[in-house]
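Reviewing the structure listed below.
Side chains included, hydrogens not; waters and symmetry mates left out as well; all remaining heavy atoms used.
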Amino acid sequence: MANSRGQKRRGGNANPNHRKLVAVVCSLLGLLAAGFSFVIQEYGGQGFVPTWNQLYDWLDVSDEAPDPQIIASGETSVTFLDVGQGDSVLLCQDDNFCLIDAGTTDSAEGLISDLRACGVEELDYVVMTHPHADHIGGMPDVLETFPTGMLILPDLTEYDEESAGLERTLDAAAENGVPMYVALDGDTFALGSGTLTVLQAGETPENLDQEIDANNLSLCLRYTAGSFAFVDTGDAEQEVERQLVNRYGDDLKANLLKAAHHGSSTSNTEEFLSAVSPDIVVASCGLTNDYGHPHAEVVDRIQAIGAEFYRTDYDGTVTVVYDSNGIQVHCTSDSEVQDPAA
């Protein structure tokens, strides 16, 4: 039986003012001791040097980032960072990191703190699935804070909406010397001993019969490492899901799926969920959001395929850790460890 966890209320929300306090304190300490962040990252927990988590405790902040030991405990981890009504997913394999989307502008400070707490010093890739504000709001800050090997973009030639967030992101990449690459169908990117594949770079032109929706520009991704697979389709809607099923069929199968479009009923069709056949589905969404995400019918569909279901509004940051012994799920809202096989 699937675990919808739909009745569990979210606990331990981080106070935004406390988040800002942490950022201010860290900045001031950085002025007093050069390389403060580096020192914490490299020597935290040794002698008198605190860890990021100890700093959160001392300042009475509820830490929504997992302990870096959790991420390092498996061969591969996928962390769904709690950025409210937005998306941000951190892939980790062999101490290599890829960030897929970066939440909202309002969540940027918390996102940077969370990435540091996760053990991130640099990012191999930052992926923009599509240019909506709830996916790229924190991306300029990420690119300005962490050395980044490449910014992977969707094809934006058909995107003519004015977007200050997109302009800031592209400017931040250029100013910080981050190479930008427009993804194509079938592109692959090595991450540790695994591979990130672009299943589809937006809705395919031959099937277009109307103006393309920005959600359907979403890069549809599949990350594989050993026998583990994760699928993330951004905010792609049912037209794109249909194309993916027709194109890949059973090759879409994955252990883990990010619910498309925050669990909207305009995505996450029965056909697509059946093709992916995930053991675990995670929806990234904000508490009491105005859209009603995730929609009840989507939760029902996930239950129908027997998948475990988690949601960042109730469960906080969700980290899925895979190793040869199987998969465990860690949620920060209650510090419980969930074993989907149990």
Side-chain angles (χ1 to χ4, degrees), residues 41 65-66 68 70-83 86-103 107-108 111-112 114-131 135-154 169 172-173 176-184 186-201 218-226 228-236 254-258 260 282 284 312 317-323:
Q41 195 64 55
I70 290 176
I71 290 177
S73 66
E75 298 169 8
T76 304
S77 69
V78 182
T79 301
F80 299 81
L81 295 156
D82 183 8
V83 291
D87 265 16
S88 191
V89 180
L90 182 68
L91 304 181
C92 175
Q93 221 283 334
D94 292 339
D95 291 324
N96 300 102
F97 293 97
C98 170
L99 185 69
I100 304 173
D101 292 328
S107 69
L111 174 61
I112 297 301
D114 288 350
L115 291 174
R116 284 175 170 152
C118 286
V120 174
E121 296 179 14
E122 59 184 44
L123 293 159
D124 292 75
Y125 310 102
V126 171
V127 181
M128 177 194 299
T129 60
H130 66 296
H135 291 250
I136 66 169
M139 203 164 284
D141 300 78
V142 169
L143 295 173
E144 290 166 0
T145 303
F146 299 99
T148 301
M150 180 183 294
L151 173 61
I152 302 172
L153 303 164
T169 298
N176 289 277
V178 179
M180 291 179 271
Y181 177 78
V182 177
L184 301 172
D187 278 344
T188 59
F189 305 89
L191 184 72
S193 59
T195 303
L196 182 68
T197 301
V198 180
L199 297 174
Q200 188 161 298
S218 292
L219 297 180
C220 298
L221 309 167
R222 187 170 187 265
Y223 180 71
T224 56
F228 176 80
F230 164 58
V231 168
D232 183 334
T233 59
D235 280 359
N255 312 83
L256 174 64
L257 172 69
K258 184 192 75 70
V282 181
S284 182
T312 59
T317 290
V318 178
T319 298
V320 179
V321 179
Y322 167 81
D323 62 22

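- When all heavy atoms are compared, the tightest approach of Ala183 to Ala201 is O-CB, 3.6 Å.
- No side-chain donor-acceptor contact under 3.5 Å links Tyr223 to the backbone of Phe228.
- Salt bridge status for Asp87 with Lys258: present, with a side-chain N to carboxylate O gap under 4.0 Å.
- With a 4.5 Å cut-off on side-chain heavy atoms, Leu90 and Cys98 do not count as touching.
- Proximity of a side-chain donor or acceptor of Thr188 to a complementary backbone N or O of Leu196 within less than 3.5 Å is not detected.
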Discussion item. Using the rule given for side-chain contact (heavy atoms from CB on, under 4.5 Å), can you reason through Thr197 versus Phe189, listing the C-alpha separation, both sets of side-chain angles and the distance that settles it, and then say yes or no?
Written reply: CA-CA 7 Å; Thr197 301; Phe189 305 89; over 6 Å; no
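- A heavy-atom distance below 4.5 Å is not found between the side chains of Val320 and Asn255.
- Of the possible donor and acceptor atoms, one in the side chain of Asp101 sits under 3.5 Å from a partner among the backbone N and O of Thr129.
- A pairwise comparison of heavy atoms in Gly149 and Pro179 identifies O-CD, 3.3 Å as the closest pair.
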Practice prompt. Mind running side-chain contact (heavy atoms from CB on, under 4.5 Å) on Leu256 and Val231 for me, showing each step along the way?
Written response: CA-CA 6 Å; Leu256 174 64; Val231 168; over 6 Å; no
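- Interatomic distance, OG1 of Thr312 versus CG of Asp82, reported as 5.0 Å (0.5 Å rounding).
- Using a 3.5 Å distance cut-off with no hydrogens or angles, the side chains of Ser218 and Asp235 do not pair a donor with an acceptor.
- Side chains of Thr79 and Val318 form no contact here, defined as non-hydrogen atoms less than 4.5 Å apart.
- Using a distance-only test at 3.5 Å, with no hydrogens or angles considered, no donor-acceptor pair links the side chain of Asn176 to the main chain of Val178.
- The one candidate from Ile100, Leu99, Ile152, Leu153 that meets the side chain to side chain contact (heavy atoms under 4.5 Å, CB included) condition with Met128 is Leu153.
- Considering only residues two or more places apart in sequence or on other chains, Asp323 meets the side-chain contact (heavy atoms from CB on, under 4.5 Å) condition with Glu75, Asn325.
- Of the possible donor and acceptor atoms, one in the side chain of Ser284 sits under 3.5 Å from a partner among the backbone N and O of Gly86.
- The environment of Asp94 atom CG is dense: over 12 non-hydrogen atoms of other residues, nucleotides or ligands sit within 6.0 angstrom.
- Of all the heavy atoms in Gly138 and Ala108, the pair that sits closest is CA-CB, 3.9 Å.
- Residues Asp187 and Tyr181 have side chains that bring a donor and an acceptor to within less than 3.5 angstrom of each other.
- Taking both residues in full, the closest heavy atoms of Met139 and Ala102 are given as N-CB, 3.5 Å, listed atom of the first, atom of the second, then distance.
- Here the CZ-OG1 distance, from Phe80 to Thr317, works out to 11.0 Å after rounding to the nearest 0.5 Å.
- Checked by atom type, the side-chain pair Thr148/Glu122 shows no donor-acceptor distance below 3.5 Å.
- Contact check for Phe230 versus Leu257: no side-chain heavy atoms found under the 4.5 Å cut-off.
- Within the model, atoms NE2 of His130 and OG1 of Thr233 stand 10.0 Å from one another, a figure rounded to the nearest 0.5 Å.
- For the atom pair CG (Asn96) and CG (Leu91), the distance works out to 11.0 Å, reported to the nearest 0.5 Å.
- Within the 4.5 Å cutoff, the side chain of Ile71 has no heavy atoms near those of the Val321 side chain.
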Practice prompt. Could you check Arg116 against Phe146 for side-chain contact (heavy atoms from CB on, under 4.5 Å), going step by step and ending with a plain yes or no?
Written response: CA-CA 9 Å; Arg116 284 175 170 152; Phe146 299 99; 3.9 Å; yes
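- Of the inter-residue distances, the one linking Leu81 atom CG with Leu115 atom CG reads 6.0 Å to the nearest 0.5 angstrom.
- We find the CG-CD distance between Leu221 and Gln200 to be 11.5 Å, quoted to the nearest 0.5 Å.
- Panel note: side chain Thr145, backbone Asp141; a donor-acceptor pair is recorded below 3.5 Å.
- The minimum heavy-atom distance linking Ala260 with Ala236 is given by the pair CB-O, 3.7 Å.
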Item to complete: Starting from the C-alpha separation in whole Å, work towards a yes-or-no answer on side-chain contact (heavy atoms from CB on, under 4.5 Å) for Thr76 and Cys92.
Response: CA-CA 6 Å; Thr76 304; Cys92 175; over 6 Å; no
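- Pro154 approaches Leu219 most closely through the heavy-atom pair CA-CD2, 3.7 Å.
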